[in-house]
Amino acid sequence: MTRRRILVTESLGPKGLEYLRERAEVDAYDLLPPEQLPELMGHYDAVIIRSAHRLTRELLANKPRLKVVARAGAGVDNVDLEAATEFGIAVINAPGANAIAAAEHTFALMLATMRNVPSGNDHVRQGGWDRAAFLGRELYEKRLGIIGLGRVGRQVARIAHGFRMPVAAFDPFLATEIFRAHDVEEFTTLDDLLRWAEILTIHTPKSGPKLGLRELSLLPVGAVVMNVARGGLIDEEALAHLLETGRIHAAGVDVFSHEPPQRESPLLRAPHVVVTPHLGGSTHEAMVEVGLMTARGVLQALENQTPSNLVNVPIPDLPDEDLKALDRAMRILGRVFSRLNPKVHGPLVLSVGSSLSSSVIPWLRQAALAAFLDDRLDERVNTINALLVAEQQGLTLLVEESPLRTTASIALRWEGRPESEVAFSIEPQGQVVLRTLAGIPMEMPWPEIALVTRHHDAPGVVGRVGTVVGQYDVNIGQLHLGRRSAGDEAVMVLTLDALPPEELLSALAAQPGIGSVYRFSDA
Ligand SMILES: NC(=O)c1ccc[n+]([C@@H]2O[C@H](COP(=O)([O-])OP(=O)(O)OC[C@H]3O[C@@H](n4cnc5c(N)ncnc54)[C@H](O)[C@@H]3O)[C@@H](O)[C@H]2O)c1
Ligand SMILES: O=C(O)CC[C@@H](O)C(=O)O
């Protein structure tokens, strides 16, 4: 197998890089000039970026080798998610890995503005000692309003409690219990939070609420504003204007609508603003966490696993081992069903055992379609683009809860055709067990290499199969048989020690009584 190639376009934590280098060929840059990215992208299996590059539709299109792109950080707003999903490219990020860094930076900016640290520093360096000119304000008991109580927002709340600040937040997507668990008062409207907050900090994705002149004017006179989330969330002109009039006392800004900001940016000219060059996630500790989380996710995705930090697939909330077993079961199910049922007959029905939680269903749906479609189409189909490809193919998948199955079981059939059904169960140790093949009850652990026949139930067939397989020097580990009824259609599954060659399949198919022959391999 050719060694996987990974491109890292911007500095990544050394542990993450080491992890990648032990497992793949890595070309890593401290900062790849963005204009060089288009010619390089197509030569890699995975590309890892930070903030300096944008992965646009044009860059992602027509890159058959590219399977994974990663944002070494929380936000993925510089990746065209829609395009990546359409092209079946996995998108990885590092959620939460720099949340402490970003929250602490928020306080670094808050304290710096409140205590005039940068201006006091400049003053002393220039020979000054005017202590009265830099009278500060305390955080103690100031009302802190947080927009977005996610990973960073919660860390901000935790630190604020240490300063004895009353903390409230607006986040319409969270349950009230989350606010309670973090000892944060819940505001159900943004305007009410803005009227309340003496210090306001925003921690939403780029898609969060835009704070313009109207919103910022709702803040109490002399409020302080922080943005360590994303440029563009706070209107820079409006903020600069309110700082100039003194309506807003001070601001701390780490992120800009254009990075780096143009020299004439209004914020760089406004009073009482402390700015940093997108440093929120830049600590040694966060670099280690982000680097490792990104590297692990990229390699897992390259190995066709489902990392928990995959952005463009609904990830089931299951322990890793359970997800791995379910993933294998879905691949086998989709492939076996596809081979045994080549002709499409209306909608597919995915029957899911009642012990599998309903939160897993969106992923099961995509995994079933991916395995089924990937088996029969030339293009790349995976859990990422499966829904889209199914739609293009006019294929519908219905999901039902299997009333008879209490175990973790999964089955596929054409609607109204029970004889097409293939079913597996996933046992507690992760074993994938065949339960139904072509509508015929079976019970056998599914092997790494399997040979399946559909044949006529008649004397001599099994013996002839054994003889032919032996002639090709392939060892049979186990043999399982099933039939609709005596003398009727039957199936046979052989566990083999080596992948049977094509000629073996043809030789078997030529035997009297054999209908069709299939081989399956986990590899
Ligand atoms: N400056 C930096 O270097 C730096 C570092 C880390 C994270 N970030 C940015 O900080 C932001 C927060 O990161 P995170 O890891 O906490 O993300 P997160 O996804 O964990 O949390 C975001 C929260 O915002 C909430 N939200 C979304 N839309 C909202 C809306 N319209 N109104 C109110 N709440 C809304 C969500 O419900 C969620 O709870 C992101 O934009 C991220 O990219 C910046
Ligand atoms: O440090 C970085 O590269 C960006 C960090 C931040 O913007 C993020 O989204 O995590």
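Start at 1 with the first residue, then count along the sequence. All ligand and atom numbering here is 1-based and tracks the order in the structure.
Of the protein's non-hydrogen atoms, the one nearest atom 7 (O) of ligand 2 is H278 NE2, 2.6 Å. Scanning the protein for heavy atoms near atom 6 (C) of ligand 1, the closest one is N98 OD1, 3.2 Å. Here the protein heavy atom with the shortest distance to atom 9 (O) of ligand 2 is R230 NH2, 2.7 Å. Here the heavy atom of the protein found nearest to atom 35 (C) of ligand 1 is T204 CG2, 3.6 Å. With respect to atom 5 (C) of ligand 1, the closest heavy atom belonging to the protein is A102 CB, 3.6 Å. Closest to atom 2 (C) of ligand 2, if we only count protein heavy atoms, is R50 NH2, 3.4 Å. Among all non-hydrogen protein atoms, the one lying nearest atom 28 (N) of ligand 1 is F173 CE1, 3.3 Å. Protein heavy atom closest to atom 21 (O) of ligand 1, with residue, atom name and distance, is G150 CA, 3.2 Å.
Inspection of the T113 and R137 side chains reveals no N or O donor paired with an N or O acceptor under 3.5 Å. Side-chain contact annotation: S119 with D122, donor-acceptor N/O pair under 3.5 Å absent. The closest side-chain donor-acceptor pair between T276 and D254 falls under 3.5 angstrom.
Residue H203 comes nearest to V152 through the heavy atom pair ND1-CG1, 3.4 Å, listed as atom of the first residue, atom of the second, then distance.
Using a cutoff of 4.0 Å between basic side-chain nitrogens and carboxylate oxygens, R4 and D45 are not scored as salt-bridged. A salt bridge links R5 with D27; the closest basic N to acidic carboxylate O contact falls under 4.0 Å. The pair R180-E186 fails the salt-bridge criterion, with no side-chain N (NZ, NE, NH1 or NH2) lying under 4.0 Å from an Asp/Glu carboxylate O. Of the charged side-chain nitrogens involved, none lies within less than 4.0 Å of a carboxylate oxygen, so that D235 and R214 do not count as a salt-bridged pair. The existence of a salt bridge linking K142 and E198 is excluded, since no basic side-chain nitrogen approaches an acidic carboxylate oxygen closer than 4.0 Å. A salt bridge links R331 with D327: at least one charged nitrogen is closer than 4.0 Å to a carboxylate oxygen.
Among L193, D171, L174, the residue whose heavy atom sits closest to atom 39 (O) of ligand 1 is D171. Of the candidates S11, G281, A74, A74 brings a heavy atom nearest to atom 10 (O) of ligand 2. With atom 4 (C) of ligand 2 as the reference point, the heavy atom nearest to it among E259, E10, K206, R71 is part of R71. Checking A74, G96, A229, P209 against atom 9 (C) of ligand 1, the nearest heavy atom belongs to A229. Remark: among candidates R151, R230, H203, the nearest residue to atom 15 (O) of ligand 1 is R151, based on non-hydrogen atoms. Comparing P205, G208, G281, A286 against atom 27 (C) of ligand 1, the shortest heavy-atom distance belongs to P205.
Those atoms of ligand 1 that come under 4.0 Å of a heavy atom in D254, given as number and element, are 1 (N), 2 (C), 3 (O). Ligand-side atoms of ligand 1 in range of G75: 43 (O), range being under 4.0 angstrom from any heavy atom. Residue-ligand proximity, F170 to ligand 1, at heavy-atom distances under 4.0 Å covers atoms 32 (N), 33 (C), 34 (N). Here is the list of ligand 2 atoms found below 4.0 Å of a heavy atom in S51: 2 (C), 3 (O), 4 (C). Near H278, the atoms of ligand 1 lying under 4.0 angstrom from a non-hydrogen atom of the residue are 1 (N), 2 (C), 3 (O). Residue-ligand proximity, P172 to ligand 1, at heavy-atom distances under 4.0 Å covers atoms 32 (N), 33 (C), 34 (N). Atoms of ligand 2 found under 4.0 Å from any heavy atom of N98 (numbered from 1 in listed order, with element): 5 (C), 8 (C), 10 (O). The contact set between ligand 1 and G148, taken as ligand atoms under 4.0 Å from a residue heavy atom, comprises 24 (O), 25 (C), 34 (N).
Between the OG1 atom of T188 and the CG atom of D191 there is a distance of 11.0 Å, given to the nearest 0.5 Å. A distance of 7.5 Å separates OG1 of T283 from CD of E104, quoted to the nearest 0.5 Å. For the atom pair CD of E10 and CD1 of I48, the computed distance is 12.0 Å after rounding to the nearest 0.5 Å.
F163 and F107 have parallel rings, their planes meeting at less than 30° on a 0 to 90° scale where 60° marks the start of perpendicular.
Figure legend: R65 and Y44 shown without cation-pi pairing, the cationic atom not lying both under 6.0 angstrom from the six-membered ring centre and within 45 degrees of its axis. Relative to the ring axis of Y19, R23 places its NZ or CZ within 45° and under 6.0 Å from the centre.
Not a single protein heavy atom sits closer than 4.0 Å to atom 17 (O) of ligand 1.
At a 3.5 angstrom cut-off on N or O pairs, G75 counts as close to ligand 2. When only interatomic distances are considered, the shortest N/O to N/O separation between V228 and ligand 1 falls below 3.5 Å. Note: no N/O pair closer than 3.5 Å links S207 and ligand 1 by distance alone. Taking only nitrogen or oxygen atoms, main chain and side chain alike, D77 does not reach within less than 3.5 Å of ligand 1. Considering both main-chain and side-chain atoms, K206 never comes within under 3.5 Å of ligand 1 through any nitrogen or oxygen pair. Some N or O of V152 is nearer than 3.5 Å to an N or O of ligand 1, by distance alone. Every N/O-N/O distance between I147 and ligand 1 stays at or above 3.5 Å.
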- Task: Apply side-chain contact (heavy atoms from CB on, under 4.5 Å) to M330 and I410, showing your working.
- Result: CA-CA 8 Å; M330 294 310 290; I410 41 166; 3.3 Å; yes
